[in-house]
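First up is the structure itself, then whatever we jot down about it.
Computed from a prediction, not measured in an experiment: that's the story for all the values here. Excluded from the calculations below are hydrogen atoms, water molecules and symmetry mates; all remaining heavy atoms, backbone and side chain alike, are included. Lettering of chains follows the sequences in order, A, B, ..., and the numbering in each one begins at 1.
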Amino acid sequence: MGSLRKMSFDAVIVGGGGSGMRAALQLAQSGYKTAVITKVFPTRSHTVSAQGGITCAIASDDPNDQWQWHMYDTIKGSDYIGDQEAIEYMCQTGPEAIFELEHMGLPFSRTEEGRIYQRPFGGQSKDYGAGGQAARTCAAADRTGHALLHTLYQGNLKNKTVFLNEWFAVDIVKNADGAVVGVVAIDIETGETVFVESKATVFATGGAGRIYASTTNAHICTGDGVGMALRAGFPVQDIEMWQFHPTGIHGAGTLVTEGCRGEGGYLINKDGERFMERYAPNAKDLAGRDVVARSMVLEILEGRGCGPDGDHVYLKLDHLGEEMLNAKLPGILELSRTFAHADPVKEPIPVVPTCHYMMGGIPTNVDGQALTIDREGNDQVIEGFYACGEAACVSVHGANRLGGNSLLDLVVFGRASGIFIEKQLSEGITLKEATEEDIQRAMVGLNRINQSSDGENAAVLRAELQTIMQNYFGVFRRGDYMKTGIEKLDELRLRVENVYLDDKSNSFNTARLEALELQNLFETAYATAISAEGRTESRGAHAREDFQDRDDENWLCHSVYFPGSKEIGKRPVNFTLKTREPFEPKIRTY
Amino acid sequence: MLNVSIYRYNPEVDAEPYMQDFEFDAQGKDLMVLDVLEKLKIQDPSLVFRRSCREGVCGSDGVNISGKNGLACITPLSEAVKGNKLVIRPLPGLPVIRDLVIDMGQFYAQYEKIQPYIINNSPVPAIERLQSPEERAKLDGLYECILCACCSTACPSFWWNPEKFIGPSGLLQAYRFLADSRDTATEERLANLDDPFSVFRCHGIMNCVQVCPKGLNPTKAIGHIRNMLIRRAT
Amino acid sequence: MMAFFARFTFTGPSNWIIQRITAIVMAAYLFFIVGFLMTNPALTYDQWSALNSLLSMRIFTLVTIAAVAFHAWIGMRCVLSDYITVRLIGPKANGLRNVLQLGLGFIILLYLVWTIKILWGL
């Protein structure tokens, strides 16, 4: 194996979605040599599928709205394991970040006053929960993610960011000091493998919803960043926390925005009963996503599900009227007609809780610096390594993310990482050296796949992995089930490592990518399994039948999964706010 | 059994492209064309196509399905199959990299040419720039474009002059910025389009309208730009 | 004058306007001639000759032929630049297209001169 061609940048962002492009924009604007490595053309990233909006207290719907109320909602929503410092930063900086997007041209829907239109979303309140439902989610019809992603791509074009489109990052290059010095990446079109060296490597690689069989996530959401970080020996945090979105279209898995319920839609069971009134008397259908998803599963388990198999419930929208649906939810009408064969103007949409979002990820601080935890349990910054967006766990979502907060997370922390790296570069950080050996270490996995002579097909193994995760680590979890699941994963690991690539050609070889993605999916899934089994309580999205209560005494903390020992540790939650007293954990009701 | 005929070409192996036939059992289900491709890829992992969101919003999987450009993920077999036969080819008019994957460089170059971003050099307000719902409504039917290239690669004028004619997708986006009340570069934008090729090679064939998977109407947008250019010239 | 002419025939908007105006002229002439023939089913040489001796008719015919010339010039140039291109037939396309265009221009000019010759019997 000869040495690889080398490309060198001030900053390399892996991932061309919302957070990656926001970080890139920040750096490109200040003239640093910035490259975005993205395995799909940037506007094909999964941010494009976000529908309902971006939650932020811009005081349009309610001129008296306060970012502190949004902060309270987010902390409560996280079931108190979101880091309060990070949440404070996000909610306070949010309006500035939103207005920047608007100035860049994001086509937000508008109010009569000409301001950005805001709609109600789940878990939103005024006056720290005392003032009733708030409408705080800024929307561009029900295509906010699309509008946001395209606007960011356009902003990057304007600022001449270098895009390495259809390049796939294979693994992290780490030097002897444990610093990250870049990545090895494949140019998909030619198959060439290149060492992309950088003073700052930012992982904005998105989620990994494809570890489950039923997911709202795109095919490309394969946890590449988490997989790479774990293989490099870095830990991940709260990875057991997977959000199941209440309304994925039954069968297809495609997302139906929470905005439907924000605009007045509601869920019904087979008797036509609006069952959320029983589970969340105040917020009803706009309770936290974890609460709504669990209530739906309970309805189905208790025999009140809809359809011939009683395996879903209905989302009713027809009472809102055709005109309103066309104006506010045009994309949903399209999706439902295509994938559910149901016209929401006339009939309800069959929906079921579907894997949607990874709350956990690479632990970072507010500046996007990736962290590891030393033997004494102290945070240590990993030199040269940053993460933002869904791949990161900063952590603003804790155990349950509120709707509309993911887009805000992307923009605010993509921006924050960019600002921090900008500052570091201006202070003159030097490029760290990597030896030939360091680079070759990042080639091990790829070489193994390229040299495979027998074994199983990636697609078959992927399907098996997804089934295991779906069956043993779903909405409701149980210790003994999860132990069985882990055994099955242990058995699967050998087969995944031995995955067979039949087609060794170089030109646009997507089979090779799928084999590499499989390894990333597996690492993410395995970390999920170990962390889920280890957290012996129920909190947010993590609901255990054998530990039904929240256990603040032992588990008011982050879980941290260490790939070396395959064990989990704990990391304290940040309870420091700059602007006020921290919010103490309370029982969470809606 | 359904007969699926797919365009195959791997530059490292094949001297020239060929059509390969597969037998496919849809088990009576009205699958999407992308589902068929995914299942065939398990059978033959060397089959190559782009895909991402699988719900018609990312624009990755534009292909030519039984003669008509469309997104594989939202085209059901019931629409695509003719006489028990499904024919899948890459989008026409641009170079093929491998199988169903085309080189979209020329398409993106035209998009970049129209300066697809807001230009407004007036001081930035502390909050958002205000825009009335009526002004915002002018962007409907324009901003939703997903850059799948189904339209431009269905357009004969774009086939003949892909370097000089912006193409329906790029022009739809050009109008999206011309129509935005927040953009102040109307004159500059029109000046950049004022030549015999960029806009005026549209002959109103309307293939773009027929194939757009998002139901958008580039021909109408081109008409608006043309009228703006004519008003500017006279 | 040349600058005006260049601007007039070489920009997108003016080409588009010229094609429409010339099309209207050609259509009007066609309607007129067809109408004349239909209202005079037993047309004699004298009638036809009388019509074409009118100054207004001769001007109308001349304007129409000029419209045809412009229309053909712009339209054929468009067709040539669609089909006789480097991407379709290779590097010789530019030379070939220029030759064809020049030839076309010559023929159009010839027709124009010939028309004038016929109309005014020069």
Side-chain angles (χ1 to χ4, degrees), chain A residues 40-41 43-46 48-49 58 60 95 98-100 102-105 107-117 140-141 143 145-147 150-151 153-155 157-158 189 218-220 252 254-255 331 334-335 338-339 457-460 463 501-503 505-511 514, chain B residues 10-13 30 32 38 41-42 45-60 74 76 97-99 101 103-104 108 111-112 115-120 124-133 135-137 139-140 142-147 176-177 180 182-183 214-215:
Chain A
V40 291
F41 182 77
T43 64
R44 326 281 184 219
S45 305
H46 189 51
V48 82
S49 293
I58 59 161
S60 161
I98 301 286
F99 295 143
E100 280 170 4
E102 195 282 333
H103 299 151
M104 281 163 60
F108 281 112
S109 302
R110 298 286 168 159
T111 65
E112 284 306 318
E113 294 76 40
R115 294 209 58 193
I116 294 171
Y117 169 74
R143 304 187 179 97
H146 169 277
H150 280 253
T151 302
Y153 180 60
Q154 292 159 356
L157 284 181
K158 192 176 184 179
E189 186 180 334
H219 284 289
I220 57 169
T254 45
L255 174 69
E334 242 178 80
L335 279 175
T338 307
F339 289 103
N457 184 327
V460 174
L501 178 68
D502 177 48
D503 173 13
S505 63
N506 287 316
S507 171
F508 223 102
N509 187 341
T510 53
E514 288 189 20
Chain B
N10 178 348
E12 289 166 66
V13 183
D30 191 13
M32 297 295 173
E38 289 284 350
K41 189 171 173 66
I42 297 175
S46 73
L47 174 64
V48 172
F49 50 90
R50 291 188 175 107
R51 85 282 182 270
S52 173
C53 76
R54 60 85 169 87
E55 56 190 31
V57 294
C58 79
S60 298
I74 53 169
I97 295 173
R98 177 173 173 177
D99 295 350
V101 174
D103 178 353
M104 295 174 75
Y108 295 135
Y111 175 65
E112 288 172 32
Q115 299 183 290
Y117 36 79
I118 289 279
I119 300 173
N120 185 335
V124 173
I127 58 164
E128 68 268 41
R129 288 198 161 94
L130 299 183
Q131 185 175 49
S132 71
E135 288 168 331
R136 168 60 183 75
L139 307 183
D140 284 332
L142 305 172
Y143 82 96
E144 299 94 323
C145 172
I146 57 174
L147 302 179
R176 177 247 174 276
F177 289 96
D180 197 316
R182 299 168 295 173
D183 189 273
K214 305 307 286 180

Find the distance between [atom1] ([X]) and [atom2] ([Y]) and round it off to the nearest 0.5 Å.
| X | Y | atom1 | atom2 | result |
| --- | --- | --- | --- | --- |
| A:Asn506 | B:Glu12 | CG | CD | 5.0 Å |
| A:Ile220 | B:Cys58 | CD1 | SG | 7.0 Å |
| A:Ser507 | B:Asn10 | OG | CG | 5.5 Å |

What's the shortest heavy-atom distance between [X] and [Y], and which atoms?
| X | Y | answer |
| --- | --- | --- |
| B:Phe49 | A:Thr510 | O-CG2, 4.3 Å |
| A:Phe99 | B:Ala126 | CD1-O, 3.5 Å |
| B:Lys214 | A:Glu334 | NZ-OE1, 3.1 Å |
| B:Ile118 | A:Lys158 | O-NZ, 3.0 Å |
| A:Ser49 | B:Glu55 | OG-OE2, 3.2 Å |

Q | Heavy-atom pair count under 4.5 Å with chain B, highest-scoring of A:Glu112, A:Glu514, A:His219 | A |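 Option with the greatest count: A:His219.
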
Q.
I need the residue from A:Ile58, A:Thr338, A:Ile98 with the largest number of non-hydrogen atom pairs under 4.5 Å to chain B.
A.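 Looking at each option in turn, the highest pair count goes to A:Thr338.
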
Q: Apply ring pair (Phe, Tyr, Trp, His ring centres under 6.0 Å) to A:Tyr153 and list each qualifying residue two or more places apart in sequence or on a separate chain.
A: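 By the ring pair (Phe, Tyr, Trp, His ring centres under 6.0 Å) rule, A:Tyr153 matches A:Phe41, A:Phe163.
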
Name the option with the most non-hydrogen atom pairs under 4.5 Å to chain A; the candidates are [options].
| options | answer |
| --- | --- |
| B:Arg51, B:Glu112, B:Met32 | B:Arg51 |
| B:Lys41, B:Glu135, B:Arg54, B:Gln115 | B:Arg54 |
| B:Val101, B:Ile119, B:Asp183 | B:Val101 |
| B:Gly215, B:Pro11, B:Ser132, B:Pro125 | B:Pro125 |
| B:Ile74, B:Ile127, B:Ile146 | B:Ile127 |
| B:Cys53, B:Pro133, B:Cys145 | B:Pro133 |

Contacting region of [X] [heavy-atom separation from chain A under 4.5 Å]:
| X | value |
| --- | --- |
| B:Arg129 | both |
| B:Leu147 | both |
| B:Ala137 | neither |

Q | Worked check of side chain to side chain contact (heavy atoms under 4.5 Å, CB included) between B:Asp99 and A:Phe508 | A | CA-CA 9 Å; B:Asp99 295 350; A:Phe508 223 102; over 6 Å; no

Would you confirm whether [X], through its side chain, and [Y], through its main-chain N or O, come within 3.5 Å as a donor-acceptor pair?
| X | Y | value |
| --- | --- | --- |
| A:Arg143 | B:Glu144 | no |
| A:Arg115 | B:Leu130 | no |
| A:Asn457 | B:Ile42 | yes |

Going by heavy atoms in the side chains, are [X] and [Y] under 4.5 Å from each other?
| X | Y | result |
| --- | --- | --- |
| A:His150 | B:Tyr117 | no |
| B:Val57 | A:His146 | no |
| A:Val40 | B:Arg50 | no |
| A:Glu102 | B:Arg182 | yes |
| A:His46 | B:Ser52 | no |

Q) Is it true that A:Glu189 and B:Arg98 make a salt bridge, defined as a side-chain N closer than 4.0 Å to a carboxylate O? A)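 No, A:Glu189 and B:Arg98 are not salt-bridged.
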
Check each atom of [X] against the heavy atoms of chain B and say whether the ones under 4.5 Å are side chain, backbone, both or neither.
| X | value |
| --- | --- |
| A:Ala511 | both |
| A:Thr151 | neither |
| A:Glu100 | neither |
| A:Ala458 | neither |

Q: Go through the steps to decide whether A:Ile116 and B:Glu128 satisfy the test side chain to side chain contact (heavy atoms under 4.5 Å, CB included), and finish with yes or no.
A: CA-CA 8 Å; A:Ile116 294 171; B:Glu128 68 268 41; 3.6 Å; yes

Q. Of all residues at least two apart in sequence or in a different chain, which pass the salt bridge (charged side-chain N to carboxylate O under 4.0 Å, His left out) check with A:Arg44?
A.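 Partners of A:Arg44 under the salt bridge (charged side-chain N to carboxylate O under 4.0 Å, His left out) test: none.
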
